[in-house]
Amino acid sequence: MTTTVITNIGNLVTNDPERGTGPLGQIQDAAVVLDGETVAWVGPTANAPAADEAYDAQGRAAIPGFVDSHSHLIFAGDRTQEFNARMEGRSYEAGGIRTTVKATRAATDEELEANLVRYLAEARRQGTTTFETKSGYGLTTHDEARALRIASRHTDEVTYLGAHIVSPDFADDPAAYVDLVTGEMLDACAPYARWIDVFCEKGAFDGDQARAILTAGRAKGLMARVHANQLTYGPGVQLAVELDAASADHCTHLTDEDVAALAGGNTVATLLPGAEFSTRAQWPDARRLLDAGATVALSTDCNPGSSFTSSMPFCIALAVRDMRMTPDEALWSATAGGAQALRRTDVGRLTPGARADLALLDAPSHVHLAYRPGVPLVRTVWQRGQQVPA
């Protein structure tokens, strides 16, 4: 395997406080050595060991590759008309998903995979090196299984979301759809997935239905995550913590008891500011969660209905501006926080033994991600030790 030393990094974020200053473990005038797919060494440029190849960062900042722990990238069509209507005053409702379901069912495997590859490449150019993505736009056994089969060819972080909404085919019999999701559909989908998710929300699945779905998934070896408390107060967060779900995602409407549960459990609160931006909804209160001691992740929620962005830098800027996070907290949440939401220790940090995923910024500091919103600051990306073509 080839080793590469990246030198003259103006400011390196390791996410290891023991290796540098502050919670982000920052090192000035730093270097990183990549050995194949793994980080072999980090430290001052003056102490960097020799390597087969060298790359001069020319004073740019380096950060761990972003970990996007929540996206919906297996779909066809778009919902431009819905977005237009929402900007004219219509509120967002979960039922809009049905539009994408119709288009996705009609698409070929090749069309769905081409879309996925395009959005993954788009995100990678913006610094994202670890991706989670879900099914949820097929809502038949065949379409959910093919979505997960396609996704599993491109990422290890695949989530079965047959319980996105009740399928239009079962509008008059939601209980029968829950039986399908926990039975035949689960059997077909489990071999391709690591996770099971449920949209626990008014207009989707109530607490009892969500519990049954997550419990069935866990019996098949799938770990739980939950779409929780996005549109209104509800049981999703409490259920996620009770079942030791890796994450409760959205967390927009939280009671004091919800916040305390997240702070006292192992479930990460994954916040998705792209959704609030695109739906003109109430912002999640990240400051409240952080001050209570909860672990917070940031993700894009990239999907065609409520958050059609693949840009983690954009979500960082929103989190700092509108969710009361500091730039340091937002970066940590978009890297190490996302890793915790996926229960991963090999990504989201730049320390020896971690996966060699990093991004160089055309900026002297990661703070510019929020300071210069909308500017394409990611200059170069390495994923698994390989420099990604621009």
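Only this structure's heavy atoms are used, side chains among them; waters, hydrogens and symmetry mates stay out.
Contact check for Tyr137 versus Ile74: no side-chain heavy atoms found under the 4.5 Å cut-off. Residues Val296 and Trp332 have side chains not in contact (no heavy-atom distance under 4.5 Å, counting atoms from C-beta outward). Counting heavy atoms from C-beta outward, Arg379 and Arg60 have side chains that approach closer than 4.5 Å. Counting heavy atoms from C-beta outward, Asn84 and Met87 have side chains that stay 4.5 Å or more apart. Side-chain atoms of Pro64 and Leu358, non-hydrogen and from C-beta on, never get closer than 4.5 Å to each other. Looking only at side-chain heavy atoms (C-beta outward), Pro273 and Leu298 come within less than 4.5 Å of each other. A 4.5 Å side-chain heavy-atom check between Leu73 and Cys302 finds at least one atom pair inside the cut-off. Inter-residue side-chain proximity for Ser69 and Arg225 is flagged as met; some heavy-atom pair is nearer than 4.5 Å.
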(message) Apply side chain to side chain contact (heavy atoms under 4.5 Å, CB included) to residues Tyr160 and Val181 and explain how you reach the verdict.
(response) CA-CA 10 Å; Tyr160 166 48; Val181 168; 3.5 Å; yes
(message) For a side chain to side chain contact (heavy atoms under 4.5 Å, CB included) check, start with the C-alpha distance between Glu82 and Arg90, then their side-chain angles and the critical distance, and finish with the verdict.
(response) CA-CA 9 Å; Glu82 178 186 323; Arg90 195 178 82 190; 3.1 Å; yes
(message) Applying side chain to side chain contact (heavy atoms under 4.5 Å, CB included) to His253 and Leu231, what does each step give before you reach the verdict?
(response) CA-CA 7 Å; His253 300 275; Leu231 305 179; 5.6 Å; no
(message) salt bridge (charged side-chain N to carboxylate O under 4.0 Å, His left out), that's the test. Do Arg105 and Asp169 meet it? Break it down for me.
(response) CA-CA 13 Å; Arg105 288 179 178 180; Asp169 308 323; 3.0 Å; yes
(request) Could you go through the side chain to side chain contact (heavy atoms under 4.5 Å, CB included) check for Phe75 and Val101 one step at a time? (result) CA-CA 8 Å; Phe75 68 89; Val101 169; over 6 Å; no
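Using a cut-off of 4.0 Å between Lys/Arg side-chain N and Asp/Glu carboxylate O, Arg124 and Asp357 are scored as not salt-bridged. Using a 4.0 Å cut-off between charged side-chain N and carboxylate O, Asp16 and Arg349 make no salt bridge. Ionic pairing of Glu157 and Arg194 is present here: one or more N-O contacts between side-chain nitrogen and carboxylate oxygen are shorter than 4.0 angstrom.
With hydrogens and angles left out, the side-chain atoms of Thr300 and Asp68 include a donor and acceptor closer than 3.5 Å. Judged by distance alone, the side chains of Asn11 and Gln26 do bring a donor and an acceptor atom under 3.5 Å apart. A donor and an acceptor atom, one from each side chain of Asn15 and Thr335, are located under 3.5 Å apart. In the model, Glu113 has a side-chain atom that pairs as donor or acceptor with a side-chain atom of His154 under 3.5 Å. If you check the side chains of Asp328 and His366, you find a donor sitting under 3.5 Å from an acceptor. In summary, the side chains of Thr182 and Asp179 do not present any donor paired with an acceptor at a separation below 3.5 Å, with no hydrogens or angles considered. A donor-acceptor contact under 3.5 angstrom links the side chains of Glu184 and Thr141, judged on distance only.
The distance from atom CG of Leu214 to atom CE of Met223, rounded to the nearest 0.5 Å, is 13.0 Å. Atom-to-atom distance recorded for Thr45:OG1 and Asn47:CG is 9.0 Å, nearest 0.5 angstrom. The distance from the CZ atom of Arg288 to the CG atom of Leu254 is 6.0 Å, given to the nearest 0.5 Å. To the nearest 0.5 Å, atoms OG (Ser167) and CG (Asp173) are separated by 11.5 Å. To the nearest 0.5 Å, the span separating OG1 on Thr255 from CG on Asp258 amounts to 3.0 Å. Atom CD1 of Ile316 is separated from atom NE2 of His368 by 13.5 Å, given to the nearest 0.5 angstrom.
Pairs engaging residues 133-152 under the salt bridge (Lys or Arg N to Asp or Glu O under 4.0 Å) rule: Asp109-Arg146, Asp109-Arg149, Glu132-Lys134, Lys134-Asp197, Asp143-Arg146 [sequence neighbours left out]. Residue pairs meeting the salt bridge (Lys or Arg N to Asp or Glu O under 4.0 Å) criterion with at least one partner in residues 42-58, sequence neighbours excluded, are absent.
Looking at residues two or more places apart in sequence or on another chain, you find a ring pair (Phe, Tyr, Trp, His ring centres under 6.0 Å) between Trp382 and Tyr55. With sequence neighbours left out, Arg324 forms a salt bridge (charged side-chain N to carboxylate O under 4.0 Å, His left out) with Asp285. Asp78 pairs by the salt bridge (charged side-chain N to carboxylate O under 4.0 Å, His left out) definition with nothing, not counting sequence neighbours. The side chain to side chain contact (heavy atoms under 4.5 Å, CB included) search around Glu122 returns Tyr119, Arg125, Gln126, Ser310, not counting sequence neighbours.
Taking the six-membered ring wherever Trp is involved, the centroid distance between the rings of Phe277 and Phe314 falls below 6.0 Å.
Taking the six-membered ring where the residue is Trp, His227 and His250 present tilted rings, their angle falling between 30° and 60°. Ring-plane geometry between Tyr177 and Phe170 is classed as tilted, the angle between the planes lying from 30 to 60 degrees on a 0 to 90 degree scale.
With hydrophobic clusters built from ILVMFWY side chains whose heavy atoms lie under 4.5 angstrom apart, Leu272 does not share a cluster with Leu318. Linking Ile, Leu, Val, Met, Phe, Trp and Tyr whenever their side-chain heavy atoms come within less than 4.5 Å puts Phe66 and Val388 in one cluster. Under the 4.5 Å side-chain heavy-atom criterion for ILVMFWY residues, a single connected hydrophobic cluster contains both Leu239 and Ile196. With hydrophobic clusters built from ILVMFWY side chains whose heavy atoms lie under 4.5 angstrom apart, Val381 does not share a cluster with Val33. Side-chain heavy atoms closer than 4.5 Å link hydrophobic residues (I, L, V, M, F, W, Y) into clusters, and following such links, possibly through other members, connects Leu331 to Val378.
Nearest heavy atoms, Val268 versus Gly337: CG1-O, 4.2 Å. For the residue pair Asn229 and Pro235, the shortest heavy atom distance occurs at OD1-C, 4.5 Å. In terms of heavy atoms, Val5 sits closest to Ala31 at CG2-CB, 4.4 Å. The two atoms that bring Ala40 and Asp35 nearest to each other are CB-CB, 3.8 Å, heavy atoms only. Nearest heavy-atom pair across Thr267 and Ala248 is CG2-N, 3.4 Å. The minimum heavy-atom distance linking Tyr192 with Ala145 is given by the pair CD1-O, 4.1 Å.
Remark: the backbone N or O of Gln383 is not paired with any side-chain donor or acceptor of Thr129 at under 3.5 angstrom.
Remark: Gln386 CD is loosely packed, at most 12 non-hydrogen atoms of other residues, nucleotides or ligands lying under 6.0 Å away. The number of heavy atoms from other shown groups lying within 6.0 Å of OH (Tyr371) does not exceed 12.
Among the candidates Val178, Leu161, Asp208, the single residue satisfying the side chain to side chain contact (heavy atoms under 4.5 Å, CB included) test with Ile213 is Val178.
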